[in-house]
Amino acid sequence: MWVEIYERGERMFANLGTGQCQWEAPIGEPIKQANLSQWWELFDHSTGRFYYYNAFKMTTVWHRPLDADIIPLARFQQRQRRARQDSEISNSKSTTSANNDAASTASNNTSTRQLLNASSAGHSMSSREDLIEEMNEEETENEDVISESTIANSACTTPRRTPGVGAESSPESSPVKTLNNSRFITREKSKSVATPTKSPADKKIRRSLSAASAKIPKSNFGEAWSGAFLLNRGFMKKPMLVSELLTFQKKQLKRPLTNGSSKILMKEFGESFRLVNSYLENEKMCDLVSLISFGWNHSEIANEIYPSIIKQSRHNPNDRSLQVALELTAICLYFFAPSNKNVQNLIKEWLNLHERDHKPFYLSCLSRLKKVVEKGNRRGLIDPGEPEILLAKRHIYQKSMFGTTLEEILATQNEQFPELEIPWIQRELTSVIIRLGGLSTEGIFRLPGEIDRVNALRVDVEDYHVRNADDPHVSCSLLKLWLREMAKPIFPEELTEEILNTSENKEESIKIISKLSDLTKTCLMHLIRFLQVFAKEEVSQKTRMDSANLAMVMAPNLFRPMSDDPRLLLDNSRKEINFLRNLIEGMDTSSASEYDSCFTVEKV
């Protein structure tokens with residue numbers, strides 16, 4: 001009886017009586033069609049028990065499903081197992097004389113006919129008990145081990161793929177058909193069964209691909225994170241390593257690399273792979289913009305993009321592809337993170353391999369990965385545009401104003417603004433806030449600016465201009481963001497506990513400022529003097545933001561949390577607010593008076 005067997009998009013046709021398999025449906029023969037209720041009955045050699053597998057649902061169970069269409073494939077496993085052992089034994093032996101080869105062939109044909117005669121159809125071949133006993137007996141037989149060189153040679157000489165319960169074929173001349181290191185044995189005389197044929201060009205391509213893959217050494221790269229990927233683990237597939245899956249290929253993918261199941265992944269995985277491949281080859285901005293948009297909008301596409309980049313950089317014949325792939329990874333990490341932790345760990349493992357030869361990319365990718373995982377993807381409603389993407393690319397090679405130390409910022413701006421003792425961004429944003437009417441804007445510092453406009457202003461600030469600033473709330477949001485993202489907070493973590501202990505005493509709070517570094521103290525003086533302008537009674541009556549409210553919204557940007565305990569966080573937050581309020585109300589900031597012109601409406 002012929003049955004249709006389906007798994008993961010591939011269909012084949014097997015004759016349960018003769019063991020014959022083929023890709024094309026047999027002509028003029030009745031075929032039992034595959035359906036959702038079809039379950040394969042298989043045998044587990046480790047436990048000596050039968051189990052059942054549904055290829056449509058990708059579900060495996062021990063008990064025999066009720067009201068199901070059971071396909072007995074355990075006998076096929078038996079044949080495959082025995083054929084594989086015979087193949088390994090024969091391949092491990094040295095070459096013998098022509099007479100011995102002929103005798104061996106005759107012996108193999110005889111054993112093949114005996115096996116086929118002993119197994120006529122389905123479970124009528126023998127009882128389930130006999131089958132279990134026969135399979136268990138095979139467990140006790142010794143198996144010869146094939147050397148790696150023998151496996152590589154046999155892989156290179158494999159001409160084409162034939163159907164079966166497993167997947168790569170052995171040479172056509174053999175009466176034993178194989179598939180994925182597993183073989184079906186067919187009658188030597190059954191020549192009436194149509195065998196799928198390939199053109200000489202197809203065979204040549206397959207041989208060249210097999211030879212190329214044999215040159216790539218196997219490794220354990222990514223095996224610890226294999227749970228994230230769609231590997232060939234099925235009954236009809238050849239088991240694949242993560243290192244094999246993530247190896248450069250020119251052709252388009254036929255299925256996703258990762259094991260996500262969303263509709264958007266199944267629909268767009270091919271396009272995301274094409275964009276990755278195209279950018280690595282041509283470095284076109286249009287491809288980069290589309291790729292960033294894909295990953296930023298869809299988390300499962302983000303999980304697919306990073307393995308695609310790694311795949312197309314490994315064993316790529318283009319020497320520049322690795323550097324472009326590392327750069328592309330850094331750009332992507334600026335905007336979105338892989339939500340799958342296995343993919344995150346895979347990125348780290350891949351980066352570690354290139355730490356010595358590509359140190360700048362290694363450091364940039366690791367820092368961005370850590371930041372984006374902790375704080376989340378780039379916020380906003382509008383997709384990242386070309387200016388923002390170019391900024392992300394530029395900051396791989398040079399320091400940004402955000403996420404760096406005060407010392408690094410002053411060193412970067414020294415060429416253009418050598419006279420400034422504080423960061424240019426601090427002086428400009430404080431000036432812009434007042435120029436745009438911040439002193440009369442209700443809820444200033446408390447109400448957030450539109451996030452997409454904040455992102456746009458950030459791009460302008462990185463180029464040392466604020467010409468497009470037109471909303472005080474947006475400028476306030478960017479100022480708070482800059483303070484919050486500093487590599488080292490204004491109030492150092494090593495002094496935080498001591499600072500908080502002085503929060504109930506205004507004089508002690510002011511006194512402890514002397515322990516700060518000179519540069520930090522200068523920047524703090526300017527910031528406090530700026531906030532003191534808003535704390536004046538005539539201003540706070542308009543803005544509804546007195547010293548207490550200003551301290552409440554600004555303190556979280558100047559401190560780093562000391563604990564994850566919610567109760568301790570709440571208590572420390574209260575102390576931080578009190579401490580900053582003490583500075584706003586009682587600190588002498590006359591040393592920062594040189595910037596008073598920035599706080600005068602008439603002169604700004």
Side-chain angles (χ1 to χ4, degrees), residues 299 333 336-337 339 341 344 366-380 402-406 426 429 443-449 451 454 458 473 476-517 520-521 523-525 527-528 530-532 534-535 540 543-587:
S299 61
L333 289 172
F336 56 85
S339 58
K341 290 186 177 180
Q344 296 173 14
L366 275 189
S367 63
R368 289 185 178 188
L369 176 61
K370 180 181 178 181
K371 178 181 176 181
V372 76
V373 168
E374 290 178 353
K375 298 185 177 181
N377 293 354
R378 173 254 196 200
R379 298 169 57 203
F402 293 79
T404 55
T405 63
L406 290 171
Q426 182 178 353
L429 288 180
I444 193 69
F445 292 105
R446 176 173 57 83
L447 298 177
I451 187 61
V454 174
R458 177 174 178 169
H473 291 302
C476 282
S477 294
L478 189 61
L479 176 63
K480 292 190 291 183
L481 178 65
W482 173 72
L483 292 169
R484 189 165 60 250
E485 288 193 356
M486 277 187 179
K488 296 179 181 179
I490 291 292
F491 298 121
E493 295 176 86
E494 58 270 18
L495 288 178
T496 299
E497 186 174 357
E498 189 175 352
I499 287 174
L500 296 182
N501 291 335
T502 67
S503 62
E504 301 299 329
N505 188 308
K506 184 177 295 187
E507 294 181 357
E508 290 295 324
S509 297
I510 297 173
K511 185 178 179 181
I512 201 173
I513 295 302
S514 61
K515 294 187 176 183
L516 300 178
S517 67
T520 303
K521 192 188 305 180
C523 293
L524 179 63
M525 284 287 185
L527 180 63
I528 296 299
F530 172 66
L531 294 177
Q532 286 174 341
F534 285 86
S540 62
T543 63
R544 308 297 182 186
M545 296 293 290
D546 57 13
S547 59
N549 290 333
L550 289 170
M552 182 180 299
V553 297
M554 292 301 294
N557 306 298
L558 306 178
F559 289 91
R560 292 288 187 275
M562 296 179 59
S563 171
D564 293 330
D565 185 352
R567 290 176 295 182
L568 185 59
L569 283 174
L570 183 62
D571 185 53
N572 287 345
S573 176
R574 179 183 58 80
K575 293 178 180 180
E576 292 167 3
I577 293 170
N578 287 340
F579 176 79
L580 186 57
R581 182 179 181 181
N582 290 339
L583 299 185
I584 294 174
E585 293 179 351
M587 189 174 179

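Predicted model, so just to flag it, every value in this text is computed and none were measured.
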Quick one: are [X] and [Y] in side-chain contact, heavy atoms under 4.5 Å?
X: Met552; Y: Met545; result: no
X: Pro561; Y: Asn572; result: no
X: Leu478; Y: Phe402; result: yes
X: Ile444; Y: His473; result: yes
X: Leu495; Y: Ile512; result: no

If every non-hydrogen atom of [X] is compared with every non-hydrogen atom of [Y], which pair is closest and at what distance?
X: Gln532; Y: Met587; value: NE2-O, 3.0 Å
X: Ala487; Y: Gly403; value: CB-O, 3.7 Å
X: Ile490; Y: Leu483; value: CG1-CD2, 4.3 Å
X: Phe491; Y: Thr496; value: O-OG1, 4.1 Å
X: Leu568; Y: Ser563; value: CD2-CB, 3.3 Å
X: Ser477; Y: Gly449; value: OG-N, 2.8 Å

Main-chain N/O of Val372 paired with Asn377 side-chain donor or acceptor, under 3.5 Å: no
Would you say the side-chain atoms of Asn582 pair up with the backbone N or O of Ile510, donor to acceptor, closer than 3.5 Å? no
Kindly determine whether Lys511 and Thr502 satisfy side chain to side chain contact (heavy atoms under 4.5 Å, CB included), including the steps that lead there. CA-CA 9 Å; Lys511 185 178 179 181; Thr502 67; over 6 Å; no
Apply the side-chain hydrogen bond (donor to acceptor under 3.5 Å, both in side chains) test between Asn557 and each candidate in Lys480, Arg484, Glu485; give the one that qualifies. Arg484
Decide side chain to side chain contact (heavy atoms under 4.5 Å, CB included) for Glu498 and Glu508; before the verdict, give the C-alpha distance in whole Å, the side-chain angles of both, and the deciding distance to 0.1 Å. CA-CA 10 Å; Glu498 189 175 352; Glu508 290 295 324; over 6 Å; no
First locate atom [atom1] of [X], then atom [atom2] of [Y], and finally report the distance between them rounded to the nearest 0.5 Å.
X: Glu497; Y: Leu500; atom1: CD; atom2: CG; answer: 8.0 Å
X: Lys488; Y: Thr520; atom1: NZ; atom2: OG1; answer: 8.5 Å
X: Thr543; Y: Phe534; atom1: OG1; atom2: CZ; answer: 7.5 Å
X: Thr404; Y: Met486; atom1: OG1; atom2: CE; answer: 8.0 Å

Between [X] and [Y], does at least one N-O distance fall below 4.0 Å, as a salt bridge requires?
X: Lys575; Y: Asp571; result: yes
X: Arg581; Y: Glu585; result: yes
X: Glu504; Y: Arg574; result: yes

Could you give me the CA-CA distance, side-chain angles and deciding distance for Phe530 and Leu479, then say whether side chain to side chain contact (heavy atoms under 4.5 Å, CB included) is met? CA-CA 12 Å; Phe530 172 66; Leu479 176 63; 4.2 Å; yes
With Gln426 via side chain to side chain contact (heavy atoms under 4.5 Å, CB included) - residues at least two apart: Ile422, Pro423, Trp482, Cys523, His526, Leu527
Can you tell me which residue among Leu580, Asn549, Ile584 is in a side-chain contact (heavy atoms from CB on, under 4.5 Å) with Met554? Leu580
Report, as yes or no, whether the 6.0 Å neighbourhood of atom CD on Glu494 holds more than 12 heavy atoms from other residues, nucleotides or ligands. yes
Counting neighbours of NZ on Lys370 that are heavy atoms of other residues, nucleotides or ligands and sit closer than 6.0 Å, is the number greater than 12? no
How far apart are the C-alpha atoms of Phe579 and Asn501, what are their side-chain angles, what is the distance that settles it, and do they pass the side chain to side chain contact (heavy atoms under 4.5 Å, CB included) test? CA-CA 9 Å; Phe579 176 79; Asn501 291 335; over 6 Å; no
